[in-house]
Amino acid sequence: MPGIHVTDLPAAARPSWYALPLRYEPAELGGLPIGRFLDAVHAEDATEVDVPGFTCPLYAHPLFRIPGALLPGYADGHHLPADGFPAAEIHARHDAEAVGVAPAG
């Protein structure tokens with residue numbers, strides 16, 4: 001489909017997404033702003049498509065940042081890398097995400 005592409009990954013990548021990341025390319029759709037594109041997608045009942053930056057990488061959720069708040073046995077945390085996960089951050093900022101998208105029927 002013009003304007004929407006599945007994210008390319010290196011062969012060694014082991015992603016763990018909870019949504020399908022899709023790369024939006026407005027130039028392939030005559031410069032159509034993503035907001036108008038999403039309005040059209042939502043009008044077709046694909047209401048679980050989010051704008052880039054709406055969701056975040058899993059490691060950024062409080063459960064993984066401060067697990068002791070919910071799981072006292074993990075109060076010391078998981079010691080995430082100081083620089084986070086740069087590739088996950090790039091995807092979160094630039095990719096639209098589709099969760100449970102199905103055509104109306």
Exercise for review: Identify, with sequence neighbours excluded, every residue that meets side-chain hydrogen bond (donor to acceptor under 3.5 Å, both in side chains) alongside Glu25.
Suggested key: none

Exercise for review: Only counting residues at least two apart or in another chain, list the ones meeting side-chain hydrogen bond (donor to acceptor under 3.5 Å, both in side chains) with His42.
Suggested key: none

Study note, to complete from the structure: Heavy-atom closest pair (Tyr24 atom, Ile4 atom, distance to 0.1 Å) is CD1-CD1, 3.8 Å

Check your understanding: Can you check whether Pro26 reaches Ile34 side chain to side chain, under 4.5 Å on heavy atoms?
Key -> no

Check your understanding: What is the distance from atom CG of Leu29 to atom CZ of Arg36, rounded to the nearest 0.5 Å?
Key -> 11.0 Å

